[in-house]
Each structure stands twice: as C-alpha cells, then as structure tokens.
Amino acid sequence: MKRVALIGATGSIGKQALEIIGAHPELELVAAASGSQDIDGLAPLTQVGGDLTELLEQAQPDVVLNAVVGFAGLPATLWALERGVTLALANKESLVAAGDLALSARERGGGLLLPVDSEHSAAFQCLEGRALETVESLVLTASGGPFRGRTREELEGVTRADALAHPTWQMGPKITVDSATLANKGLELIEAHFLFGVPYEQIEVVIHPSSIVHSLVRFRDGAALAHLGYPDMSVPISFALTYPERAATDVPQLDLAAGLTLEFAAPDVETFPLLALARGAGEAGGTHPAVFNAANEVAVAAFLEGRLPFLGIAEVVEATLAAADGAPARDLAELVEADSDARRLASEGVLVS
Ligand SMILES: NC(=O)c1ccc[n+]([C@@H]2O[C@H](COP(=O)([O-])OP(=O)(O)OC[C@H]3O[C@@H](n4cnc5c(N)ncnc54)[C@H](OP(=O)(O)O)[C@@H]3O)[C@@H](O)[C@H]2O)c1
C-alpha cells in the first residue's frame, strides 16, 4: 500500500491523478490540497490554501504528488525532498526556482524524485541505469503549441482564447500559455538540468508537432533511445505513482498499422524568445532561473487577465532578467526574496507595457 498526498488536486494533473489513484487499490489517497476550491471529503485530510506542509506533516505520506501550479508548490517540494519522502513532481516551477537548494535537500533526504512532466518521465526512463558519461545529449520534444509556424507580426493580436487552444495537450491555463510562448520548454530545459545533472549544452529542444516522442537520449556510440506514446498525462502520472511497478493504464497502445509519421524541426527562437531566455538564465545560474520563473508567472497572469499582450510576456521576462542581480540564494529566505523582487520588477514592467 502506498499512501499518497495529492496537492493541487483540483487541477488538470490533480484530476487525472485522482482517477489513477481510484483505479489502483494499492494507492491510498491520505491527503489532498487545493489553492482555493472546496475539496471537503475528497480525502481523509484536506487543506485549502495556506502552508501545505502542515497537511503533509499531519499525513506523513509515502508519496507526495506535487501538482500545484507555480512557485506556490515550493514548500511541498522541499518538504518531501528534505525528508526522503518520494516526490512525484509535476510542479516544475519549484525545481526550476529552487535548483541547487532543492538538490541539496534531496541529497540530505535521500528519497526518490520522480518527474511527472511527460518529457522528463520519458528521459528518466531512457536514462535509467545508464552512466551519465555515456550520454551525448538529451533531446526534449515540444509540440510547438498553437502558434507554431507563425511570424512575430502574426502574434501581435493573438488573444487569450487563441493561446489556450493547444493542439495536442489538455492542460491548465498557465502551462498552456507557457506552451504557446515556448517558456514551458525553457522551464523544462532547466528542470532537466537539475533532474539529470546534464549540462545545458548537452540538452537540445526539438519541435515535434504530434507529441508522440516525449524525449530522446543520444548516447556516445551513436544510438538514441526514445520514449513514444500518445500524448496522455495518465502515463507519466501512473508511472510515478506506481514506480517501479509500471501499472497498466487504459491509454491505448500506439497503432503502428495506421501509419505513424514522426516530424521534427528546429525551434524558432527568434519568434519565441522565451526559450533562449530560459537557456541563458539556466546557464547564468544563481537565482536567474528563479527570476525567469517569477517574471514569467507575473507576465502570464497579466496576459490571462488581458493586461498584457502576448508578445509582452517575453519582453517583461527579458527586462526583469536584465534588471535582477541573479545572485545565488544561500537559503530559502534569500530565494523567496529573489522571487519577490523579480515579481515586483515584472509587475512594474507589465504596468509600463
Ligand atoms: N496539465 C498538464 O498536462 C501538465 C503537464 C506537465 C506538467 N504540468 C505541471 O503541473 C503543474 C500543475 O499544472 P495543471 O495544468 O494541473 O494546473 P491547473 O489545472 O491550473 O491546476 C493547478 C492546481 O494548483 C492549485 N493551486 C494553485 N495555487 C495554489 C496555491 N497557492 N496553493 C495550493 N494549491 C494551489 C490549484 O487549486 P485551485 O483549483 O483551488 O486553484 C489546482 O489544484 C504545473 O506546474 C504544470 O507546469 C502540467
């Protein structure tokens, strides 16, 4: 029996996780949390907003599935890593922002960190049991989002509804906008660096519109291992929750007889500058990734509320990165301060846009 705490239970990942937990008698939901929606009765212990580590402390789960969106997921990530409680991590923003602090907590705790992001779950499986020195590079695939192939001019008037119409994945609004700007792939690049210890120059991003190949790992002998499947988050969620058993899901097997065309292309980093900005922030290190994340959260919220045009998202993030010092955070308090400062700078940037 695995005792699961699900935080972010009302979201896109959270709801799919509830179905998986409900279908597996060996998974027991002991605690659930949301940000604001009522979840009374969903689990023996529930909490709405506030400090979610109180709930985790009370529940003492075997696994924390962190499906909160944004930097708000950080305390739960650190709680699990510090204690060696298995962390099934959908909340990429916490790992991107906390970076080295999260890795130190994992080292102290010694527990499992299982990615739920489909690309990272795929890479985790391709890398499992293989020595890092045999890895030539990691290739993260990106659908390209709803605006793939468009020019900058064609992005000037796009609306919230246009950005939320993702071609292959059904997800919450923040990550859907991140997919449209390619900021999501930028966050994933940094996430992959921290998860797998692969240097940035060995992490590639490739556009793959059908989202069938979730990641590839190239090895030094010229072989590449890929992870394929229909785009359905049930697979990585189930993989993380039932690891290492790899329980069955009801996701259909790939229908190869129906034909399968796999197309790949280089990303357009001129039109979608957030990918290159994320790479720069990752390479710069310190709190630059946290600043990238915070500015992006502020800008995406402003776009979703109609206060910032689509192209303004990258402009606000770029200006915030240029203004922030990005000095490394020695502890959580310094990280939270860097995040708050970046949010203030980004909010000022939104106002003048
Ligand atoms: N959706 C996907 O397919 C997908 C794929 C890969 C990775 N991810 C990652 O998974 C995470 C969740 O994404 P999502 O698409 O499921 O988001 P979502 O649908 O917007 O759901 C977000 C969840 O977080 C909760 N939440 C928001 N603010 C909170 C706070 N301050 N404290 C506690 N809970 C809070 C929400 O509760 P309320 O409903 O009460 O506001 C909701 O349960 C993100 O980091 C995303 O990047 C998602």
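Ligands are counted one by one from 1 in listed order, and the atoms in each one are counted from 1 as well.
- Between Ser36 and ligand 1, an N or O atom pair is found at a separation short of 3.5 Å.
- Taking the six-membered ring wherever Trp is involved, the centroid distance between the rings of Phe147 and Phe272 does not fall below 6.0 Å.
- Residue contact check for ligand 1: Ala33 places no non-hydrogen atom closer than 4.0 Å to it.
- Ring geometry for His193 against Tyr200 counts as parallel: the plane angle stays under 30°, on a 0 to 90° scale with 60° as the upper cut.
- Defined by atom type and a distance below 3.5 Å, a donor-acceptor pair is missing between the side-chain atoms of Gln60 and Arg83.
- Taking every heavy atom of Met233 and a limit of under 4.0 angstrom, the matching atoms of ligand 1 come to 3 (O), 5 (C), 6 (C).
- Ser234 is listed as a side-chain neighbour of Asp232, based on a closest heavy-atom distance under 4.5 Å.
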side-chain hydrogen bond (donor to acceptor under 3.5 Å, both in side chains) between His120 and Glu191, worked out: CA-CA 8 Å; His120 303 73; Glu191 181 187 12; 3.2 Å; yes

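- In the vicinity of Leu52, heavy-atom distances shorter than 4.0 Å reach the ligand 1 atoms 33 (C).
- Side chains of Ser94 and Thr77: a donor on one and an acceptor on the other come within 3.5 Å.
- Proximity of Ile175 to ligand 1, defined as any heavy-atom pair under 4.0 Å, is confined to the side chain (atoms from C-beta onward).
- Residue Gly35 has at least one N or O atom closer than 3.5 Å to an N or O atom of ligand 1.
- Atom 9 (C) of ligand 1 has its closest protein heavy atom at Ala90 O, 3.1 Å.
- Side chain of Thr242 to main chain of Ala247: a donor-acceptor pair is present (N/O by atom type, distance under 3.5 Å, no hydrogens or angles).
- Residue contacts with ligand 1 for Ala72 involve side-chain atoms from C-beta outward but no N, CA, C or O (heavy atoms, distance under 4.0 Å).
- Looking at Met171 against ligand 1, both its backbone and its side chain come within 4.0 Å, counting heavy atoms.
- The heavy atom nearest to atom 6 (C) of ligand 1, considering only Leu89, Leu95, Asp117, is found in Asp117.
- Within ligand 1, counting atoms from 1 as listed, the ones closer than 4.0 Å to a heavy atom of Gln37 are 38 (P), 39 (O), 40 (O).
- How far OG1 of Thr134 is from CZ of Arg218: 14.5 Å, rounded to the nearest 0.5 Å.
- Among all protein heavy atoms, the one lying closest to atom 27 (C) of ligand 1 is Val69 CG1, 3.9 Å.
- For the residue pair His208 / Ser143, no side-chain donor-acceptor distance below 3.5 Å is found, with atom types taken as modelled.
- Using a 4.0 Å cut-off to heavy atoms of Ala9, the atoms of ligand 1 that qualify are 43 (O).
- Where the criterion is an N or O separation shorter than 3.5 Å, residue side chain and backbone included, Ser118 fails it with respect to ligand 1.
- Contact annotation: Glu93 has at least one heavy atom less than 4.0 Å from an atom of ligand 1.
- Residue, atom and distance of the protein heavy atom nearest to atom 1 (N) of ligand 1 are Ser12 OG, 3.1 Å.
- For atom 11 (C) of ligand 1, the closest heavy atom belonging to the protein is Val68 O, 3.4 Å.
- Considering only non-hydrogen protein atoms, atom 12 (C) of ligand 1 sits nearest to Ala67 O, 3.3 Å.
- When only interatomic distances are considered, the shortest N/O to N/O separation between Ile13 and ligand 1 falls below 3.5 Å.
- Protein heavy atom closest to atom 47 (O) of ligand 1, with residue, atom name and distance, is Lys92 CE, 3.1 Å.
- To the nearest 0.5 angstrom, Ser238 atom OG is 4.5 Å from His24 atom NE2.
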Go through the steps for Thr141 and Ile207 under the test side chain to side chain contact (heavy atoms under 4.5 Å, CB included), then give the verdict. CA-CA 6 Å; Thr141 56; Ile207 301 295; over 6 Å; no

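- The N/O atoms of Thr10, backbone and side chain alike, include one that comes under 3.5 Å of an N/O atom in ligand 1.
- Compare Gly11, Pro173, Gly14 by their heavy atoms: the one nearest to atom 21 (O) of ligand 1 is in Gly11.
- Under 3.5 Å, the side chains of Asn293 and Lys92 contain no donor-acceptor pair of N or O atoms.
- Of the protein's non-hydrogen atoms, the one nearest atom 15 (O) of ligand 1 is Gly172 N, 2.8 Å.
- The hydrophobic clustering, which links ILVMFWY residues whose side-chain heavy atoms are closer than 4.5 Å, places Leu89 and Ile203 together.
- Under 3.5 Å, the side chains of Ser215 and Glu119 contain no donor-acceptor pair of N or O atoms.
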